[in-house]
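Report on the structure given below.
Computed from a predicted model, the values in this text were never measured in an experiment.
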2 protein chains.
Amino acid sequence: MTAQKPRTRIQEKNRARVLDAALEVFSQHGFRGATLDQIASEAGLSKPNLLYYFASKEDIHVTLLGGLVDTWLAPLRALNPLGDPHDELLAYMRRKLQMSRDFPRESRLFAQEIVQGAPRIGDGLSTDLKDLVDEKATVIAQWMAEGKLAQSDPHHLIFSIWSLTQHYADFEVQVRAVLGDNRDPWAEAETYLTVHFQRVLGVTDPMHGQ
Amino acid sequence: MTAQKPRTRIQEKNRARVLDAALEVFSQHGFRGATLDQIASEAGLSKPNLLYYFASKEDIHVTLLGGLVDTWLAPLRALNPLGDPHDELLAYMRRKLQMSRDFPRESRLFAQEIVQGAPRIGDGLSTDLKDLVDEKATVIAQWMAEGKLAQSDPHHLIFSIWSLTQHYADFEVQVRAVLGDNRDPWAEAETYLTVHFQRVLGVTDPMHGQ
DNA sequence: TTTGTTTTTGACCATCTGGTCAAGAGCACG
DNA sequence: CGTGCTCTTGACCAGATGGTCAAAAACAAA
């Protein structure tokens with residue numbers, strides 16, 4: 001299943017450096033907009049040296065995306081069917097927001113891949129992703145049927161969590177431009193989204209400000 | 001202010017064809033991923049002929065984005081301070097969703113520009129966009145102060161409308177992959193988002209299913 | 001038809017880009 | 001030191017790409 005781990009320490013270190021550099025460049029310019037020279041320079045390696053560690057530009061990109069999907073889906077996997085519905089979903093939202101804040105480059109890389117039609121990841125979407133989402137959607141539907149959450153379409157509820165949290169990473173420039181320099185987007189996002197989702201989920205007893 | 005309109009009919013027609021082709025290609029591959037040959041081919045023109053109508057690749061891209069911003073902001077401009085708060089905001093959301101459905105290429109083009117840090121549109125964000133949003137945020141804040149809407153941060157409320165509506169255009173592949181072939185994302189989106197925002201806005205008297 | 005203007009194109013070019021290669025540097029081990 | 005292995009690089013290449021240009025085709029006006 002897993003590819004053979006690189007043997008030496010230096011290989012492991014340099015592969016990591018390349019991947020980090022590539023993440024920086026790919027997330028900013030997209031796959032075709034990125035150049036091997038840029039990545040090599042960012043990684044502090046010569047281009048041929050970079051190609052000693054990875055077979056091709058696409059190899060780097062694929063490796064990056066592959067390692068990403070699992071990480072990205074982890075918060076959803078962690079959604080516990082046995083926990084309290086509100087707590088679980090709010091916690092999921094917060095975890096997702098944290099990931100957007102802590103790994104904006106990863107978020108943007110993923111966003112670009114999807115916007116462009118997921119040309120190099122498409123298959124995984126219809127299988128792994130769909131299966132996981134369907135599974136969790138069933139759990140949520142069950143919660144709703146039990147009257148523990150306000151009724152709505154579970155799939156779209158999940159979409160709304162993705163959309164609202166990733167927005168702050170993917171459209172960060174726009175958010176900052178609109179809010180101005182004196183505000184902290186991430187702090188405000190957590191406050192706002194908590195209230196937002198409490199309402200959407202149909203909280204029974206929040207301290208409703210006013 | 002406005003550039004001199006092209007004189008002949010054929011110029012107007014061919015410029016339009018180029019822009020449409022460019023929109024197709026840019027929105028799919030990003031600026032650097034798109035090639036003049038692709039655009040020319042898509043427009044049914046030879047590359048030199050294309051460059052007879054536009055000075056450069058960047059010229060095409062800038063023209064496209066420039067014409068876009070106004071259109072994209074129109075729905076927000078139309079938000080009426082004198083109307084009913086719930087109706088106005090729900091109508092805004094629906095108009096935005098319709099635009100995402102009817103002009104997904106425009107949405108994706110814009111999304112890519114923002115994700116990449118708005119390198120060719122950045123200035124407009126901090127001025128035109130910010131001013132308009134600030135203005136409308138004030139209106140919304142007023143509505144909230146009058147108790148006509150549930151309290152929350154107006155700027156982030158606007159972000160949430162952008163985010164949730166554009167998601168269905170920008171991440172359409174993902175949405176379709178997750179929902180499967182037998183569902184209609186756009187129809188469901190309208191239904192879902194209506195309920196979603198009724199809750200967020202603090203509807204006084206919805207038919208609450210259960 | 002003649003003349004002047006707009007449109008179109010084939011040929012061409014400089015540069016960039018992903019990728020190769022052979023040779024060299026560094027290094028571990030006997 | 002010598003031997004073999006990993007790592008690094010300068011030089012190079014083929015193809016793609018943005019853009020130019022002079023000349024030809026279309027077209028409009030007289």
Using a heavy-atom cut-off of under 4.0 Å over every strand shown, decide if [X] touches base, sugar-phosphate, or nothing.
| X | value |
| --- | --- |
| Ala34(A) | sugar-phosphate |
| Leu36(A) | sugar-phosphate |
| Ile10(B) | sugar-phosphate |
| Tyr53(A) | sugar-phosphate |

Exercise. Does OP1 or OP2 of dT8(C) have a side-chain N or O of Tyr52(B) closer than 4.0 Å?
Worked result: no
Exercise. Quick one: is dT9(D) close enough that its OP1 or OP2 comes under 4.0 Å of any side-chain N or O from Asn49(A)?
Worked result: yes
Exercise. Of Gly33(A) and Ala55(A), whose nearest nucleotide on DNA chain C comes first from the 5' end?
Worked result: Gly33(A)
Can you tell which of [options] lies closest to the side chain of [X]?
| X | options | value |
| --- | --- | --- |
| Thr35(B) | dT17(C), dT20(D), dG18(D) | dG18(D) |
| Asn14(B) | dG19(D), dT8(C), dT9(D) | dT8(C) |
| Gln11(A) | dG18(C), dC7(D), dG18(D) | dC7(D) |

For this session: Just do the side-chain contact (heavy atoms from CB on, under 4.5 Å) check on Val25(B) and Gln28(B) with the steps written out, would you?
Result: CA-CA 5 Å; Val25(B) 179; Gln28(B) 207 165 107; 6.0 Å; no
Exercise. If you take atom types as modelled and just measure distance, does the side chain of Lys57(A) reach the base of dG19(C) with a donor-acceptor pair under 3.5 Å?
Worked result: no
Rounded distance (Å) that lies between atom [atom2] of [N] and atom [atom1] of [X]:
| X | N | atom1 | atom2 | value |
| --- | --- | --- | --- | --- |
| Asp37(B) | dG10(C) | CG | P | 13 Å |
| Gln38(A) | dT17(C) | CD | P | 8 Å |
| Leu45(B) | dG19(D) | CG | P | 16 Å |
| Leu50(B) | dT20(D) | CG | C1' | 14 Å |
| Arg32(A) | dC16(C) | CZ | C1' | 13 Å |

Seminar exercise, completed: Distance col, row His167(A):NE2 vs Phe159(B):CZ, nearest 0.5 angstrom, shows 6.0 Å
Exercise. Can a donor-acceptor pair be found between the side chains of Tyr192(B) and Asp153(A) at a distance below 3.5 Å?
Worked result: no
Problem set entry | Any donor-acceptor N or O pair under 3.5 Å, side chains Gln98(A), Glu190(A) | no
Problem set entry | Worked check of side-chain contact (heavy atoms from CB on, under 4.5 Å) between Leu179(B) and His155(A) | CA-CA 7 Å; Leu179(B) 290 182; His155(A) 283 93; 3.7 Å; yes
For this session: Return the 5'-most residue of the pair Pro48(A), Lys47(B) with respect to DNA chain D, ranking by each residue's nearest nucleotide.
Result: Pro48(A)
